[in-house]
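Each remark here refers to the structure printed beneath this line.
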2 protein chains.
Amino acid sequence: MDSSNKKKRTRGRLSREMIEDAAFGVIEREGLAGFSMRKLAAELGCEAMSIYHHFPSQAHLHEALVDRLIGSLEMPDAGLPWRQRMHIAMHDFRRIGSEHPAFAPFLVTYRMNSPTCLAWLSGILGLFEAGGFGPELSARLFRTVGYYLMGAILDETAGYAKGPSAVTTVSDEQLARDFPNVAAAGRYFGAAEFDRTFDLGLDMLLDEMERALGGANSR
Amino acid sequence: MDSSNKKKRTRGRLSREMIEDAAFGVIEREGLAGFSMRKLAAELGCEAMSIYHHFPSQAHLHEALVDRLIGSLEMPDAGLPWRQRMHIAMHDFRRIGSEHPAFAPFLVTYRMNSPTCLAWLSGILGLFEAGGFGPELSARLFRTVGYYLMGAILDETAGYAKGPSAVTTVSDEQLARDFPNVAAAGRYFGAAEFDRTFDLGLDMLLDEMERALGGANSR
DNA sequence: AAATGAACCTTACAGTGTAAGCTGTCAAGC
DNA sequence: GCTTGACAGCTTACACTGTAAGGTTCATTT
């Protein structure tokens, strides 16, 4: 009789993990600005308000996504040389950005104050300290590579290569005529060059750091 | 008589410039997310839709703000040495970010395709080329310092020093106990250290660039 | 069997960007 | 001086947002 086939009311269906998974999906499909609790609910086959039983607000959900990504990172093997460990750690972080391009701008704007994020931050500081840098230089150099890393992720996921954003866009002809050096540089701004360009700058910074280290404790 | 003192209907009151000025004010007061066409209209003493006679959409308005800021930049005096010019240009860009901290995250996420922005981009590429770098290296090194610059602006305007963003924030006691190196580094993460830290990283990059230059054309 | 409480849904509200159309005002042409 | 038309700003309306408040259903414990 009552044939309530309208909805399979399987209870306890939702979980934080399921919601997070779906949220990544919606964000990558609709973009960060196009994300909404209602779209997420549609993806999950539930109502928007059901999500609020697992996350008290959209902000909490978004922060949980950051925690999820940062929490998946592991510090590189302590047996490896300092420089290699730093190189790996930077590439690891960059990878979680490139794996979630639409979410990446949120990731780099986020202020890392959760235990998970602080643990990662602490680990990176530890890499510098293990490399021989004192507390002050470790802090400042963390900032330096951090700036570079965040800027790189931002460009690679939301920058020039994603196409024009400006309303008054210049055509290719205009570009070639008015700004020939920009037109020529465009060849090196594409996604195909991301890896090489990133490593170029990262190696420059790490070179300088090793130099500072060599000067400090003479090899 | 007719005492229409309700509203001074001065015609042609609004202008793009006035609207932009007011928009900067609203953004800095309410934050980028708290900005809305209605709040902007309230600031201007008009209705929201009136703004659409001067800017076809909010996106157009925001992009105009970027153009306004970038357009205010001038390339450093061509008589100065290469490195000094680059230093000045980086600090100039950083300054427009720090002068509009709430707007800065939009500035660094923005894809610069307007003539104004391309002119700036072209100028910076020109600085590298004038410094002796070829087209490819100029492009890649522009990216390198650009990554660093954007990341720095992001942190200085919206980062750690602005306080916790995470929902599950750790207390100072927890921080000191569980992540003592982060607690110690906090001393160097505050706004008071921004200038020193920024110059440290920038000088590292410029040192490396000069080194590459010296190797290429032997002094 | 009754009660409890978690999980989920329904409704509602204030706020958003902006499309469509209206109105009052000023400048130019007769 | 009068008309006309364009322009600048206003009004209304719509689809959409996050989420507060409260209702409903069901699994579990007693």
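Naming: A, B, ... by sequence-line order, numbering from 1 per chain. Quick caveat: nothing in here was measured; it's all calculated off a predicted structure.
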Please give, in whole Å, the distance from [N] [atom2] to [X] [atom1]?
X: A:Arg13; N: C:dC9; atom1: CZ; atom2: P; result: 6 Å
X: A:Ile51; N: D:dG18; atom1: CD1; atom2: P; result: 9 Å
X: B:His53; N: C:dT18; atom1: NE2; atom2: P; result: 15 Å
X: A:Leu61; N: D:dT19; atom1: CG; atom2: P; result: 10 Å
X: A:His60; N: D:dG18; atom1: NE2; atom2: P; result: 16 Å
X: A:Gln58; N: D:dA20; atom1: CD; atom2: C1'; result: 16 Å
X: A:Met49; N: C:dT10; atom1: CE; atom2: P; result: 12 Å
X: B:Phe35; N: C:dG15; atom1: CZ; atom2: P; result: 17 Å

Requested in this report: Could you tell me whether A:Arg68 and A:Asp21 have a side-chain N and a carboxylate O separated by less than 4.0 Å?
Outcome: yes
Query raised in the report: So, B:Glu193 and B:Arg187, do they make that salt bridge, N to O below 4.0 Å?
Result: yes
Of the nucleotides [options], which has the atom closest to the [X] side chain?
X: A:Ala48; options: D:dT17, D:dT19, D:dG9; value: D:dT19
X: A:Tyr52; options: C:dC8, D:dT19, C:dT18; value: D:dT19
X: B:Ser50; options: C:dC9, D:dG9, C:dA19; value: D:dG9
X: B:Ser36; options: D:dG9, C:dG17, D:dG18; value: C:dG17
X: B:Glu47; options: D:dT19, D:dT17, D:dC10; value: D:dC10
X: A:Met37; options: C:dC8, C:dC9, D:dT19; value: D:dT19

Query raised in the report: Donor-acceptor pair, A:Thr144 side chain versus A:Arg140 backbone, under 3.5 Å?
Result: yes
Query raised in the report: Does the C:dG15 base have a donor-acceptor partner in the side chain of B:Arg38 within less than 3.5 Å?
Result: no
Requested in this report: Kindly check if the number of other-residue, nucleotide or ligand heavy atoms within 6.0 Å of CD (A:Glu99) is above 12?
Outcome: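 Yes, because the 6.0 Å sphere around CD of A:Glu99 holds more than 12 heavy atoms from other groups.
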Report task. Quick one: sort the B:Phe133 and B:Phe128 rings into parallel, tilted or perpendicular, breaks at 30° and 60°. Result -> perpendicular
Query raised in the report: Is the distance from OP1 or OP2 of C:dC8 to the nearest side-chain N or O of A:His54 less than 4.0 Å?
Result: yes
